[in-house]
Structure formats: structure tokens, C-alpha cells
Student: 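Structure incoming, see below.
Lettering of chains follows the sequences in order, A, B, ..., and the numbering in each one begins at 1.
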2 protein chains.
Amino acid sequence: MERVELPEVPTWRPVRGGNAFEITVARLVQAIRLGLVVVGERLPPERELAEQLRVSRVTLRDAIAALREAGYLESRRGRAGGTFVVHSGPPDGATSDATTLAREMGSQLTDALDFRRVLEPGAAALAAARPLAAAQRSRLVACLVASRDRQQNRRVHDSRLHLAIASASGSPSVAAAVADVQLRLDQLLAAIPVIRRNLDHSDAQHTRIVDAILAGDPETARGVMEEHCDGTAELLRGLLG
Amino acid sequence: MERVELPEVPTWRPVRGGNAFEITVARLVQAIRLGLVVVGERLPPERELAEQLRVSRVTLRDAIAALREAGYLESRRGRAGGTFVVHSGPPDGATSDATTLAREMGSQLTDALDFRRVLEPGAAALAAARPLAAAQRSRLVACLVASRDRQQNRRVHDSRLHLAIASASGSPSVAAAVADVQLRLDQLLAAIPVIRRNLDHSDAQHTRIVDAILAGDPETARGVMEEHCDGTAELLRGLLG
DNA sequence: CGGAAAAGGTCTGAACAGTTTCCAAACGTG
DNA sequence: CACGTTTGGAAACTGTTCAGACCTTTTCCG
């Protein structure tokens, strides 16, 4: 006799998603894949980074070593040394079969898309509703322009723009949540086939969103971001057949 | 010479907020304070709960022991035994000085309010946009009715309703995020002075939100939830003077 | 009545993670 | 060129956490 559990209790989800080492690796990958540190840039010194991540330097070093062996990072010693980003993962569209990937995620894919659909439009509206410092405004514009680049790194530039918008909301929690959900979807988004028409559409939406934020128009910012999320969600769901 | 760090990197936030024991305690407190397990109810068996939380039974037992000594829980052995909730924290309005509490939170208060302002309206809209099972519908109505109870436990019933709405969104991530932000604000919300007029207003909003969700009207659900969040945010910010 | 079942209570050795301390390499400056 | 500084590299020791087996208490049911 099987007892039917209707969970409904979000509180009893796992206390941690993996051990310290794994989470640290994930964070570094996040920073690289989402373009928070660009190729050629240097990570903060180990001691500093370990402190920010509230992780022992040993654990951080293990994580760095793993990514070094995977070819993402490179460490140089000495006064002008440090750990540098060498490349930011497989190029766009070169990811392993997207359909398989999507199927493996199962219901987690729907969950991530729903979460994103709640977060990003809300973040855009919040950003539009508050006065922005000049630095934030120019950062938004810079990310927008960069995201139009049709050469390599499209995925990274897209993430950076979305992150910049979330950051402009002024709420660290919102920014962190957006970063998390972006990473969850990253591989899938990278696997979307590159079609001129889609890219044009996406760029146009990005522009409208940033314009609305700069103009202080929360309704429009949210509306367009909703369309934008729905668009990519549609493409991804299409992969599942 | 101070180096000016503009962080902007949400990725380098702490890898974990405390050790396994502390987080486990926090989860139990969350379940109790948010009314996910009501007074008199039994927690899942230790073995089961430990597995769900991905924590060793020893750690879970330590956490339970701590809350037992704090008077929240009570354990009984034997076949019909288990761990039971004895009370769910200080009664409404009896919390320590709200102003002090709010000041101590500092910018975290603004952050939490912003995050909530993004999450809850989005969750309500999502819930309204999807077909709900009969069980979810009746759960919403039950929580709504209970939240009108002006006797003790007002805070708990309010949390339960908000959680039920987030749950109805169908996205575990959304539900979990709402639960977290609710707990972050819990003490503050409990400290809001009890004024008839505010309660009436709040109840009316709750009703409109649930109606909109049941009617499948995302725009209204989100709009009213936004008003609702703004209302309590206003009250809380008022405490800071 | 007596055993099976279901729950909490206890112990132990191994794996994991954090702290501390020192070492080694490379660059810049006087 | 020598020294100090800034960086990564490594080892030893300490506390946390885990997995699993086993014990005790209580209730249900044949």
C-alpha cells in the first residue's frame, strides 16, 4: 500500500545542493559562462575570493584546479600573477544535442522557465521604476550594444545584458536569483539554433526593454520582457516536440 | 589607500549561509512560523525528513533538539510517536520593538521588500494563468477563509495563504523563493501594529487576489498583489521614520 | 498475549571542510 | 641587483558531517 504524498512543502527541499567543492565550481562556471568575468580577465586573488564565497582557500583552490584542468582557467604566480579566464566554454550552437539535454532536465526545465518568467519581467519593471545612476545607465547601454554582436560570444553578451538589467533593479537578491536561473538555462539557450530572424527579433526586444528602463516606464519594460521570455521559452519547448 | 570595489558580481556571494545544522534549524523554524506544519501536527519521521533535507539524521536530530529546548517541538517515542509542533512562536504584535528590528536589518529590509515585490505578484499572475486542480482551488479558498480569522495566529494564516498562492503557480522554485522571502520578513510583519482598518483592507485584497486566480485573470491577480505588497511595505518603511 | 512494526535514541569510524602556517615564484622599485 | 610585495602552492591539525548499524519505547494486530 503506497502512501500518497502531496508534498506541497517547499521548506523541505535539500539543505544544500552538493558539497562546498561542487558549489564553488558551479559559482566559478557561472561567473565565466554568464560573462561576469570575460576572457583574459583576472579573478580576484584566492584569499579574497575565498573570503567572499565563505569557503576555505583549500576548497577554492581545488575548484580552480578542476577548472584549470578543464581548460577554463590558467594560473600564474608572482606579483602580477593571478588566475585568468582562458575561454568561456563551447562556442554558440556547438553544444551537445539540445533535445537530449532538454529531455534530461524534464520538469526542471518547465520550473526554470516559469521562475525566469516571474523574475526577469519583475526585475525589468523594478529597474525602470527607480532612478538609475549614470554609471548604471551607461552600463546598460554598453551591454545592449555588445549583445548585438553577431560574432562569437553571443550567449555571453546576452547573459551579461540580462544580468545588468537585474542588477539595475537595485536588489541583490533579485540579481542573484536571475543569475541562478540564467545558469540553469544556459546550456539550453546556447543550443538554440542560430536563425537570423530570431536574432533580429531578440535584439529588437532587448532594445525596447532597455529604452523603457531608461525612460522610466515599468509597464513597457515588463511587457516586452515577458514577450522576450515567452519567445525563448517557446523555442526551448519546441525542442521537446 | 582604499581600493574602491564596485561589487556588481552577484556570483561571489557566500556559497552557503551557515553550516548544515544552522540551515536545518532555519528550515524547521520556517516550516513552523509559516504555518506549513500547524500546532499539534506531526513532522515527518526523522529518517524521511533527513533524506528530504539531504542531511544526516544526526544533524537533523541536533536541530530538532535545539528547537525542543526552545519550546517549539516535542518528541514522543513509540509506534505512534514522532515530533510534534507545540507552539509557533510569539503571538502577533508581541514581538520586540519593531523599529529596532527594522533598523538592524538595514539595507537587507529594502532588498527583501524589493524581492518580494518581484516574486509575489509574478507568482499570483502565473497561478492565474494556469489551469488549477480542484484540490488546489479548494486549498486556496480554505487558506483565504482561515486568513480572515481575527483571533490568534493571524500571521501564520497570512503566510499560509501567500504560500498557497505561490504553490499554485506550479513552480517549485517560485514557491521556495516566496517561502524564503516570507521568512525573512516574518518578524517584521508580525510586529506591524494591529489596526482594524489595515486588516480589513488586507483581507479585501486577499479576496480579490484569490478571486482573480480562480477566474484565470493574471493581470488583476498581479495588480492587486502589487498593491498588497506596496501596502505592507509602506507600513514597514513607516517604522523606520 | 506476543510478535511485528514504527517511531525516536545512541554509537562509531570515515570522509569532508575549515584554519593556520609556511614555502615558492615572479614582478617592481630603490 | 637585492629586497619587499603580491601572488599561487602545499601540508598539518581540528572540527563537522555523514552513513550505517544497533538499541529502546510504544502501539497495533493476529
Side-chain angles (χ1 to χ4, degrees), chain A residues 1-5 12-28 31 37 40-86, chain B residues 1-3 5 12-28 37 40-86:
Chain A
M1 187 62 79
E2 192 65 24
R3 182 162 44 138
V4 182
E5 283 284 346
W12 288 330
R13 66 192 188 281
V15 154
R16 351 165 277 249
N19 55 30
F21 167 75
E22 289 170 338
I23 302 179
T24 306
V25 170
R27 284 293 168 77
L28 293 176
V37 282
E41 231 175 12
R42 202 191 70 175
L43 264 51
E46 287 181 354
R47 291 166 174 82
E48 209 172 295
L49 189 49
E51 195 180 3
Q52 287 189 263
L53 295 172
R54 301 275 212 288
V55 148
S56 84
R57 222 185 120 210
V58 185
T59 305
L60 173 60
R61 283 178 49 69
D62 287 348
I64 288 176
L67 291 184
R68 198 165 37 217
E69 281 168 31
Y72 286 97
L73 296 175
E74 209 174 78
S75 297
R76 288 201 288 279
R77 301 205 277 194
R79 181 163 183 168
T83 302
F84 299 81
V85 179
V86 176
Chain B
M1 189 60 79
E2 192 67 23
R3 183 164 40 141
E5 282 285 346
W12 289 330
R13 66 191 187 285
V15 154
R16 358 167 269 259
N19 55 29
F21 167 75
E22 289 170 337
I23 303 177
T24 306
V25 169
R27 284 292 167 77
L28 293 176
V37 282
E41 231 176 13
R42 202 190 70 174
L43 263 51
E46 287 180 354
R47 291 166 173 84
E48 212 172 292
L49 189 49
E51 196 181 1
Q52 287 190 264
L53 294 173
R54 300 274 213 288
V55 147
S56 85
R57 219 182 125 211
V58 185
T59 306
L60 172 59
R61 283 179 50 70
D62 285 348
I64 289 176
L67 291 184
R68 200 166 34 217
E69 280 168 31
Y72 285 98
L73 296 175
E74 208 174 78
S75 296
R76 288 200 290 278
R77 299 208 276 190
R79 179 164 178 167
T83 302
F84 299 82
V85 179
V86 176

Student: Atom CZ of B:F84 to atom C1' of C:dG8: distance rounded to whole Å?
Tutor: 11 Å

Student: Between the protein and nucleotides 23-27 of chain C, list the N/O to N/O atom pairs that are separated by less than 3.5 angstrom.
Tutor:
from: C:dA25; atom 1: O4'; to: A:R77; atom 2: NH2; distance (Å): 3.4
from: C:dA26; atom 1: N3; to: A:R79; atom 2: N; distance (Å): 3.2

Student: Answer yes or no: does a side-chain N or O of B:R16 lie under 4.0 Å from OP1 or OP2 of C:dG18?
Tutor: yes

Student: Side chains of A:R54 and B:R16: closer than 4.5 Å at any heavy-atom pair?
Tutor: no

Student: Are OP1 or OP2 of C:dT19 and a side-chain N or O of A:R54 less than 4.0 angstrom apart?
Tutor: no

Student: Any side-chain to backbone donor/acceptor pair from B:R42 onto B:V37? Under 3.5 Å, distance only.
Tutor: no

Student: Hey, which sits more toward the 5' end of DNA chain D by its nearest nucleotide, A:S75 or B:S56?
Tutor: A:S75

Student: Measuring from atom CG of B:L28 to atom CH2 of A:W12, what distance do you get when rounded to the nearest 0.5 angstrom?
Tutor: 7.5 Å

Student: To the nearest 0.5 Å, what is the distance between OG1 on A:T24 and CG on A:L53?
Tutor: 6.0 Å

Student: What is the distance from CD of A:E48 to P of D:dT7, rounded to the nearest Å?
Tutor: 8 Å

Student: Measure from the side-chain heavy atoms of B:T59 and tell me the nearest of C:dG8, D:dT17, C:dC11.
Tutor: D:dT17

Student: Quick one: B:E51 CD to D:dG20 C1', roughly how many Å, whole number?
Tutor: 14 Å

Student: Within this structure, what is the CG-CG distance for the pair A:L73 and A:L43, rounded to the nearest 0.5 Å?
Tutor: 6.0 Å

Student: Establish, with yes or no, whether the OP1 or OP2 oxygen of D:dT7 is under 4.0 angstrom from a side-chain nitrogen or oxygen of A:T83.
Tutor: no

Student: Can you check the A:F21 CZ to C:dC16 P distance for me, whole Å?
Tutor: 11 Å

Student: Please answer whether the main-chain N or O of B:S56 pairs with a side-chain N or O of B:R61 as donor and acceptor at a distance below 3.5 Å.
Tutor: no

Student: Looking at every strand, decide which applies to B:V55 at a 4.0 Å heavy-atom threshold: base, sugar-phosphate, or nothing.
Tutor: sugar-phosphate

Student: Provide, to the nearest angstrom, the distance between the CD atom belonging to B:E22 and the P atom belonging to C:dG18.
Tutor: 13 Å

Student: Please give, in whole Å, the distance from D:dT16 C1' to B:D62 CG?
Tutor: 10 Å

Student: Look at the side chain of B:E69 and the backbone N and O of B:A66, then say whether any donor-acceptor pair between them is shorter than 3.5 Å.
Tutor: no

Student: Between C:dT10 atom C1' and B:L60 atom CG, what is the distance in whole Å?
Tutor: 15 Å

Student: Contact class for B:R57 (heavy atom, under 4.0 Å): base, sugar-phosphate, or nothing?
Tutor: base

Student: Whole angstroms only, please: what is the CD-P distance between A:E46 and C:dG18?
Tutor: 15 Å

Student: Respond yes when some side-chain nitrogen or oxygen of A:R61 is under 4.0 Å from OP1 or OP2 of D:dG9, and no when none is.
Tutor: yes

